[in-house]
A.B. asks: 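Structure below; questions to follow.
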Amino acid sequence: MSAILLLVGILSSIGLEFTAAQSIGVCYGVNGGNLPSRQEVVDLYKSNGIGRMRIYYPDEEAFQALKGTNIELILDVAKETLQSLTDSNAATNWVNKYVTPYSQDVKFKYITVGNEIHPGDNEAQYILPAMTNIHNAISSANLQSQIKVSTAIDTTLITNSYPPNNGIFTDDASPYIKPIIDFLVNNGAPLLTNVYPYFAYAGNQQSINLDYALFNQQGNNDAGYQNLFDAILDSVYAALEKVGASNLQIVVSESGWPSEGGDGATAQNAATYYSKLISHSKSGNGTPKRPGGPIETFLFAMFDENQKTGAETERHFGLFNPDKSPKYQLSFN
C-alpha cells in the first residue's frame with residue numbers, strides 16, 4: 001500500500017510540475033524582416049521548452065511545423081476576416097479549412113475572435129456573431145471539448161482600476177462585453193486579456209513606481225499588492241464579478257516589456273520583467289483575488305518585429321533576435 005501511495009505522490013508531483021511548466025507561452029508574430037522559417041521557429045520553441053504558442057492568423061506553414069509537437073496553440077482569426085465569419089457557412093468553411101484537417105496533430109486550445117477590439121470599432125459588431133458561428137462549427141466537428149472560442153481584450157475596457165477591487169467595465173464597454181462574457185460562461189471558455197504593466201507605468205510614472213511594475217517591490221502597498229501585473233489582472237476579475245461572471249477564468253494572452261524606444265524601455269528592465277513574470281506565473285501563488293494555481297500567461301513576443309507600425313517600443317518586444325540568439329537569459333520551464 002505504501003508503495004502505491006508513493007507512486008501516486010510521485011505522479012501527482014510530476015503532474016503539478018508539468019502544469020506549472022505548461023503555464024508559459026510565447027506569442028509568435030511575423031511582422032519582421034529576416035525572421036527564421038516556421039520550422040526553425042517551432043524548433044526554437046521546442047529547444048527552449050516553450051509549451052504554448054499564439055499566432056495571429058491561420059498560418060498553414062506553421063501548422064505543418066507544429067504537427068506532433070504537443071505545443072498548445074492559440075489561433076487568432078485575422079481582423080479582416082471577422083465580418084465574413086458572421087455568416088455561418090463561412091465560419092464552417094474556415095474551421096474546415098484551418099482547424100479540422102490539423103486537429104489530430106496540432107494542439108489547438110483557443111480560437112481568438114478579435115484582438116483588442118474596442119466598443120467603438122466597426123469590427124465590434126462582428127465579434128459575438130463570429131464567436132457563435134466558430135463555436136458551432138467547432139462543435140459540429142466534435143472538437144468542443146478540445147478547443148474553446150474566446151476573444152482577447154485590452155485593459156482600456158476597465159476603469160476605476162485602483163484599488164483593483166473597484167475595477168469595472170467602462171460605460172462604453174459594458175453593452176459590448178456583457179453578451180460576450182455570457183457566451184464565455186455558457187461555454188466554459190476563458191476570457192483572454194492582454195496585460196501590459198509597461199504601458200501603465202510609461203503613462204503614469206508620477207504614480208507608478210518602476211520597481212512595482214517590474215516585480216521588484218518588497219512588501220505590499222496599501223491595497224495589498226506587491227506588483228502591478230497582479231493589480232491589473234485583479235481589476236479585470238473585479239469587473240467580471242460586477243457583471244455576474246465571478247467564476248470566469250482569465251488567460252493572459254499577451255504581456256511584455258520593450259527593450260528600447262520609450263521611458264523605462266531598456267534591455268535590463270525587459271530581462272527583469274520577463275524573468276520575474278515567468279517565475280510569478282508558474283509559482284502557483286496566483287493573484288490576491290485568485291490565489292493558488294499557475295497563471296496561464298503568454299509572453300509577447302518571440303522576436304522583435306521591425307516592420308510593425310506605431311510607437312518605437314512596438315518594434316522591441318522580442319525575446320529572441322532574428323538569428324535565433326536569445327536577447328535575455330530566460331528559463332521557460
Side-chain angles (χ1 to χ4, degrees), residues 20 23-24 116 118 152-174 177-178 181 190-258 262-266 268-300 313 317:
S23 64
I24 296 299
E116 299 189 349
H118 297 140
I153 66 168
D154 64 37
T155 53
T156 64
L157 302 191
I158 309 295
T159 189
N160 298 336
S161 58
Y162 193 84
N165 273 334
N166 289 353
I168 189 170
F169 288 107
T170 67
D171 290 343
D172 287 343
S174 290
I177 200 68
K178 180 64 167 68
I181 290 168
L191 176 66
L192 275 56
T193 305
N194 299 340
V195 177
Y196 282 99
Y198 171 76
F199 292 120
Y201 161 76
N204 195 10
Q205 295 174 53
Q206 291 182 331
S207 301
I208 297 176
N209 185 282
L210 182 60
D211 283 339
Y212 181 59
L214 290 175
F215 296 92
N216 281 335
Q217 177 174 295
Q218 301 300 308
N220 292 341
N221 61 16
D222 292 344
Y225 284 81
Q226 193 168 355
N227 65 77
L228 182 55
F229 176 86
D230 281 355
I232 295 173
L233 189 51
D234 275 356
S235 72
V236 185
Y237 273 123
L240 290 173
E241 290 173 358
K242 291 179 179 69
V243 294
S246 57
N247 293 325
L248 190 62
Q249 291 298 305
I250 294 173
V251 170
V252 178
S253 42
E254 289 182 12
S255 190
W257 196 282
D263 291 340
T266 68
Q268 180 178 354
N269 287 346
T272 297
Y273 182 79
Y274 286 116
S275 176
K276 296 200 170 187
L277 175 58
I278 291 169
S279 297
H280 180 61
S281 297
K282 289 166 54 178
S283 69
N285 293 331
T287 70
K289 281 188 79 67
R290 295 290 186 275
I295 302 167
E296 191 172 341
T297 301
F298 287 76
L299 309 183
F300 188 89
T313 51
F317 277 92

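Computation of the quantities below employed the complete heavy-atom set of this structure, encompassing side-chain atoms and omitting hydrogens, waters and symmetry-equivalent molecules.
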A.B. asks: Among residues at least two apart in sequence or on other chains, which ones pass side chain to side chain contact (heavy atoms under 4.5 Å, CB included) with A200?
C.D. replies: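 Scan of A200 (side chain to side chain contact (heavy atoms under 4.5 Å, CB included), adjacent residues dropped) gives I208, L228, I232.
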A.B. asks: Could you tell me whether the side chain of D234 reaches within less than 4.5 Å of the side chain of P288, counting heavy atoms only?
C.D. replies: yes
A.B. asks: With sequence neighbours excluded, what pairs up with Q226 under the side chain to side chain contact (heavy atoms under 4.5 Å, CB included) test?
C.D. replies: N220
A.B. asks: Does any N or O in the side chain of Q249 come within less than 3.5 Å of the main-chain N or O of V251, such that one atom is a donor and the other an acceptor?
C.D. replies: no
A.B. asks: Taking only residues two or more places apart in sequence or in another chain, which ones pass ring pair (Phe, Tyr, Trp, His ring centres under 6.0 Å) with Y196?
C.D. replies: F199, F317
A.B. asks: With a 4.5 Å heavy-atom cut-off, do T272 and F215 have their side chains touching?
C.D. replies: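 Not touching, per the 4.5 Å side-chain cut-off.
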A.B. asks: For D263 and Q205, test the side chains for any donor-to-acceptor distance below 3.5 angstrom and give the result as yes or no.
C.D. replies: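 Present: a donor and an acceptor within the cut-off.
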A.B. asks: State, with a plain yes or no, whether a side-chain heavy atom of Y237 is found less than 4.5 Å away from one of L248.
C.D. replies: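 Side chain of Y237 against side chain of L248, heavy atoms only: no contact under 4.5 Å found.
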A.B. asks: Heavy-atom count check: over 12 atoms from other residues, nucleotides or ligands less than 6.0 Å from N204 CG?
C.D. replies: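 Counting other residues, nucleotides and ligands, CG of N204 exceeds 12 neighbours.
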A.B. asks: Rounded to the nearest 0.5 Å, how far does OG of S235 lie from CG of D230?
C.D. replies: 11.0 Å
A.B. asks: Taking only residues two or more places apart in sequence or in another chain, which ones pass side chain to side chain donor-acceptor pair (under 3.5 Å) with D154?
C.D. replies: H118, T156
A.B. asks: Ignoring hydrogens, what is the shortest heavy-atom contact between V243 and K178? Give both atom names and the distance.
C.D. replies: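 The pair with the smallest heavy-atom distance is O-CE, 3.3 Å.
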A.B. asks: Report the distance from atom CG of N209 to atom CD of Q217, rounding to the nearest 0.5 Å.
C.D. replies: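 Going from CG on N209 over to CD on Q217, the span is 6.5 Å.
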A.B. asks: Nearest 0.5 Å, what's the CG-CD1 distance between D172 and I177?
C.D. replies: 12.5 Å
A.B. asks: Check whether the side chains of Y201 and N269 place a donor and an acceptor atom closer than 3.5 Å, and report yes or no.
C.D. replies: no
A.B. asks: Rounded to the nearest 0.5 Å, what separates atom CZ in F298 from atom OG in S281?
C.D. replies: 11.0 Å
A.B. asks: Please list, chain by chain and in numerical order, all residues satisfying side chain to side chain contact (heavy atoms under 4.5 Å, CB included) with A152, sequence neighbours excluded.
C.D. replies: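 A152: side chain to side chain contact (heavy atoms under 4.5 Å, CB included) contacts with R54, T112, N115, L192, N194, S253.
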A.B. asks: Taking all non-hydrogen atoms of both residues into account, name the closest pair between I158 and A239 and its distance.
C.D. replies: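 So the two residues come closest at CD1-CB, 3.6 Å.
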A.B. asks: Only one of T193, V236, L299, I295 clears side chain to side chain contact (heavy atoms under 4.5 Å, CB included) with V252; which?
C.D. replies: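 Of T193, V236, L299, I295, side chain to side chain contact (heavy atoms under 4.5 Å, CB included) with V252 is met by I295 alone.
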A.B. asks: Which residues satisfy the side chain to side chain donor-acceptor pair (under 3.5 Å) test with S255, sequence neighbours excluded?
C.D. replies: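 Partners of S255 by the side chain to side chain donor-acceptor pair (under 3.5 Å) criterion, ordered by chain and then number, come out as Y273.
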A.B. asks: Could you list the residues that satisfy side chain to side chain donor-acceptor pair (under 3.5 Å) with N216, not counting sequence neighbours?
C.D. replies: K276
A.B. asks: According to side chain to side chain donor-acceptor pair (under 3.5 Å), who are the partners of N165, at least two apart in sequence or on a separate chain?
C.D. replies: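 By the side chain to side chain donor-acceptor pair (under 3.5 Å) rule, N165 matches K289.
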A.B. asks: Residues in side chain to side chain contact (heavy atoms under 4.5 Å, CB included) with T159, at least two apart?
C.D. replies: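 Result, side chain to side chain contact (heavy atoms under 4.5 Å, CB included) vs T159: I168, T170.
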A.B. asks: I need the I250 CD1 to T287 OG1 distance, nearest 0.5 Å.
C.D. replies: 8.5 Å
A.B. asks: Using the test ring pair (Phe, Tyr, Trp, His ring centres under 6.0 Å), find all partners of Y198 that sit at least two apart in sequence or belong to another chain.
C.D. replies: W257
A.B. asks: Minimum heavy-atom separation for A245 and I181, please, with both atom names.
C.D. replies: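 For A245 and I181, the tightest heavy-atom pair comes out as CB-CG2, 3.4 Å.
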A.B. asks: Could you give the distance from CD1 (I278) to OG1 (T297), rounded to the nearest 0.5 Å?
C.D. replies: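 The CD1 atom of I278 sits 9.5 Å away from the OG1 atom of T297.
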A.B. asks: Report the residues that fulfil salt bridge (Lys or Arg N to Asp or Glu O under 4.0 Å) with K242, sequence neighbours left out, ordered by chain and then residue number.
C.D. replies: none
A.B. asks: Any salt bridge between E241 and R290, counting N to O under 4.0 Å?
C.D. replies: yes
